[in-house]
Enquirer: 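Here it is: the structure, laid out below.
For this chain, numbers begin at 1 and follow the sequence in order.
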Amino acid sequence: MSILTQYFNTKYNTAPFSQIKNEDYLPAFQEGIALAKAEIDAIVNNSEKPTFENTIETLAFSGNTLDRISSIFFNLNSAETSDEMQKIAQEVSPLLSEFGNDVRLNAALFAKVKAVYEQKETLNLNPEQTTLLDKKYKSFSRNGANLSDDKKTILREIDKELSKLSLQFGENVLAETQAFQMHLTDEKDLSGLPEGTIEAAHSLAKSLEKEGWIFTLDHPSYIPFVTYSDNRELRKKMAIAFGARAFQNNEFDNQEIVLKIAKLRFDRAQVLGYATHAHFVLEERMAENPEKVKTFSNDLLAKAKPAAQKEFAELTAFAKKIDGIDQLEKWDGAYYSEKLKQQLFNLDDETLKPYFQLEKVLDGAFTVAQKLYGITFEEIFDIDKYHEEVKTYEVKDEDDQFVAIFYADFFPRKGKRNGAWMTSYKSQYIKDGSNERPHISNVCNFTKPTETKPSLLTFNEVTTLFHEFGHGLHGMLANTEYPSLSGTNVYWDFVELPSQIMENWCYEAEALALFAYHYQTDEMIPMELVQKIKESASFQEGMATMRQLSFGLLDMGWHGQDPSNIKDIKTFETEQFSATQLYPEVKENAMSTAFSHIFQGGYSSGYYSYKWAEVLDADAFAYFQEKGIFNKEVATKFKENVLSKGGTEHPMILYKRFRGQEPKPDALLKRAGLI
């Protein structure tokens, strides 16, 4: 038996990372699949009449070992990968996709599920059981169980191919991100850059035994560079490199892969009887269909576009006035926006950063969670971690009962993909009277501490930390029977509500007073800065909204139609962006070839959900503001009806139970300064 398939004899059954070797994975996956197959066979071969308990419930708990191995492996493949792990991923992904299809296309198993489903009205099920039955039935019917054998074979081939392509896509983006370095040796090229960014670039150069400074496409290096560098040519060089990732006709090019993925997804939807991939995906979302998403996006666009055009004209005039720039380019946007913001609000990230020391911000997030939901976080040192930078916490409730394990992994390194995400190493569920508690992780890429400074966050990084922590709370406070309905296993356009609502506390004086203290003087952030943070929150919100909508519309462009006629990615993107374009086109750049959210992550046909969930979060936070941002009654309602319920009922039912009404977009438009 592999170490990965045994019950981990560790504190809280946490993953024994230090004992797992790369060669353990493949045999563990094979063993995990065999175990899961045996569990399926037992359901199929059970001679008793199919019931909710012996079929649906048993199925809900099958494959647990395999799920555990998968979560450990794929989480590490994102946070701590290597060439060897990527090779294993290419080997196991087709095996997993094949196994998934073996289950979904198992006619005898589906017959039993269907038999239970057809008598659901007489079974006297509770809401969670009803949802489970519905989801299990749909997981078959929506994935080909009712198809003829030849169509099932086609589906298997498509799924196998898709699993390989999306992995390849991600590996190419990572390789391209890591391949680029800008090595500077002349001090005058550093003009405008914050000293922390310069220090980090110097440390990197030193670690590579080079003189001077090295800047990369990792966010903590890239974003400050294009925001603050006074050297327009160097900003251009960085921006073009970032936008050209996997679009350079080299071995890491993703153009063919994107076209193939889009076409295969369309073919798959067609085989299943859906008009497009978006129709297939959205059937199981709050938005329901592509028409609704397009209407929602275009309505918001109509409100945001006049504001965005006005903001862009102001920015253009500002750049012309201070630097004589006639045409704003993409690599000028962040730079002049930051300068204009400083002029309007006398506020910049460098003034704010000293008040946002990472450890204090994290403690602040913990305190907010304690005030709202009564949970505490204590750092512990007796469980294994996969990298020395990871911190581990034990989460307990007001009665000192164990709630969850929380892993925090905050700095960029080789082998870790860009961005920020929440994930889980073990789901929450209740079985045989025991409430199995979850192991949740937040992974981010913040500025590392240097020899002279701790990790100091930009305000944007502060909101990112709170955002991912919101997802984390959704996972940690889960309290459902079945693992597949637990935590963040909710409709995709609902999943961003718990994360986005948490960002609101970052703008409130009462919350900032908990953690925004100067790292050297320990002085609390001055109230006038807090006021400026609030006032500047809607700065260029028209442009930001339009940018976000443009990504969602590009996603729908790829997935809401037959992509067979798309021959050239660049031409297609230009068409898709025509309604939202402000800056001139950059011929060397493409978005899709590095749009990991939709071609590697789970956001295909779902990118709109960030904006959708913003409507929910603004409406929900308005309720907190009305009653008090730490109001126990509202917080308890949110915890009991949203955070702990996972996907046990339709999100609109849960939301209305919390809020007493359907969400209205007014709160969002007001917050964004668009009405």
Side-chain angles (χ1 to χ4, degrees), residues 265 269 274-309 467 490-501 503-504 538 540-561 563 573 575-582 591-592 595 597-598 601-623 642 647 650-656 658-659 661-675:
R265 283 172 175 168
Y274 292 87
T276 67
H277 178 66
H279 284 85
F280 170 74
V281 170
L282 292 166
E283 185 180 72
E284 291 291 274
R285 299 286 193 266
M286 289 177 86
E288 296 167 348
N289 57 55
E291 291 67 45
K292 235 185 196 177
V293 171
K294 285 172 188 161
T295 304
F296 168 77
S297 304
N298 288 323
D299 283 355
L300 263 183
L301 182 59
K303 293 189 171 79
K305 195 169 183 170
Q309 287 168 327
H467 178 103
V490 299
Y491 276 4
W492 205 271
D493 43 12
F494 193 59
V495 82
E496 294 299 334
L497 167 62
S499 53
Q500 287 179 185
I501 196 171
E503 294 181 34
N504 290 284
S538 60
Q540 293 189 341
E541 192 55 43
M543 279 162 68
T545 300
M546 195 141 101
R547 178 175 179 269
Q548 199 65 331
L549 290 170
S550 74
F551 298 166
L553 290 165
L554 176 64
D555 172 26
M556 292 315 277
W558 279 115
H559 297 118
Q561 60 176 330
E573 284 190 359
E575 286 162 15
Q576 297 302 306
F577 288 145
S578 61
T580 54
Q581 192 180 350
L582 292 168
M591 164 100 194
S592 302
F595 199 172
H597 270 79
I598 68 169
Y603 277 86
S604 65
S605 302
Y607 201 86
Y608 75 91
S609 60
Y610 281 106
K611 272 288 163 219
W612 184 276
E614 261 188 71
V615 170
L616 300 175
D617 103 66
D619 185 70
F621 192 66
Y623 190 23
V642 176
H650 191 285
M652 194 56 92
I653 295 173
L654 297 176
Y655 188 83
K656 280 175 21 189
F658 153 67
R659 188 69 168 97
Q661 61 190 44
E662 287 205 6
K664 298 184 176 75
D666 304 16
L668 171 66
L669 296 169
K670 199 169 153 188
R671 183 175 76 186
L674 298 175
I675 52 172

Enquirer: Only one of Tyr607, Trp492, Tyr608, Trp558 clears ring pair (Phe, Tyr, Trp, His ring centres under 6.0 Å) with His597; which?
Expert: Tyr607
Enquirer: Looking at OG1 of Thr545 and CG of Leu668, how far apart are the two atoms once the value is rounded to the nearest 0.5 Å?
Expert: 7.0 Å
Enquirer: Atom NZ in Lys611, atom CZ in Phe551: separation rounded to 0.5 Å?
Expert: 11.5 Å
Enquirer: Evaluate the side-chain proximity of Leu553 to Gln576: yes if any heavy-atom separation is below 4.5 Å, no if none is.
Expert: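 A side-chain contact is absent here, since even the closest heavy-atom pair is not under 4.5 Å.
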Enquirer: Show, in sequence, the C-alpha distance, side-chain angles and deciding distance for Glu541 and Arg671, and conclude whether the salt bridge (Lys or Arg N to Asp or Glu O under 4.0 Å) test is met.
Expert: CA-CA 9 Å; Glu541 192 55 43; Arg671 183 175 76 186; over 6 Å; no
Enquirer: Taking atom types as modelled and ignoring hydrogens, do the side chains of Glu496 and Ser499 form a donor-acceptor contact shorter than 3.5 angstrom?
Expert: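 Result is yes, a qualifying pair exists.
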Enquirer: What's the spacing between Ser578 OG and Glu573 CD if we round to 0.5 Å?
Expert: 12.5 Å
Enquirer: Under the salt bridge (charged side-chain N to carboxylate O under 4.0 Å, His left out) test against Asp619, which residue among Arg659, Lys664, Lys670 passes?
Expert: Arg659
Enquirer: Determine, step by step, whether His467 and Gln500 satisfy the side-chain contact (heavy atoms from CB on, under 4.5 Å) criterion, reporting the C-alpha distance in whole Å, the side-chain angles of both residues, the deciding distance to 0.1 Å, and the verdict.
Expert: CA-CA 6 Å; His467 178 103; Gln500 287 179 185; 3.6 Å; yes
Enquirer: Restricting to non-hydrogen atoms, name the atom on Asp555 and the atom on Gly606 that form the minimum distance, rounded to 0.1 Å.
Expert: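 Shortest heavy-atom separation between Asp555 and Gly606 comes out as OD2-N, 3.0 Å.
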Enquirer: Return the minimal non-hydrogen interatomic distance between Thr276 and His279, and the atom names on each side.
Expert: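 In this case the closest contact between Thr276 and His279 is OG1-ND1, 2.7 Å.
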Enquirer: Given ring pair (Phe, Tyr, Trp, His ring centres under 6.0 Å), test His650 with Tyr491 step by step and report yes or no.
Expert: CA-CA 8 Å; His650 191 285; Tyr491 276 4; 5.3 Å; yes
Enquirer: Taking Glu291 first and then Lys294, would you say they form a salt bridge - that is, a charged N and a carboxylate O separated by under 4.0 Å?
Expert: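 So Glu291 does not pair with Lys294 through a salt bridge.
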Enquirer: Could you check whether any side-chain N or O of Lys305 sits under 3.5 Å from a backbone N or O of Ala579, counting only pairs where one atom can act as donor and the other as acceptor?
Expert: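 Checked: pair present.
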Enquirer: Mind checking whether Val281 and His559 have side chains closer than 4.5 Å, heavy atoms only?
Expert: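 No, their side chains stay 4.5 Å or more apart.
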Enquirer: Mind listing the closest non-hydrogen atom pair of Gln309 and Leu582 along with its distance?
Expert: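 That would be CG-CD2, 4.3 Å.
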Enquirer: Might you point out which heavy atoms bring Asp617 and Ile501 nearest each other, and give the distance in Å?
Expert: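 Minimum heavy-atom contact is CB-N, 3.7 Å.
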Enquirer: Ser592 vs Leu554, test: side-chain contact (heavy atoms from CB on, under 4.5 Å). Steps then yes/no.
Expert: CA-CA 8 Å; Ser592 302; Leu554 176 64; 3.7 Å; yes
Enquirer: Minimum heavy-atom separation for Lys292 to Ala287, with atom names?
Expert: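 Taking Lys292 first and Ala287 second, the nearest heavy atoms are CD-O, 2.9 Å.
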Enquirer: So, the side chain of Asp493 versus the backbone of Arg285: is there a donor-acceptor pair under 3.5 Å, distance only?
Expert: no
Enquirer: Where do Tyr610 and Tyr603 land on the ring pair (Phe, Tyr, Trp, His ring centres under 6.0 Å) test, with the steps shown first?
Expert: CA-CA 10 Å; Tyr610 281 106; Tyr603 277 86; 5.1 Å; yes
Enquirer: Which atom names give the shortest non-hydrogen contact between Ser550 and Thr580, and what distance separates them?
Expert: CB-OG1, 3.1 Å
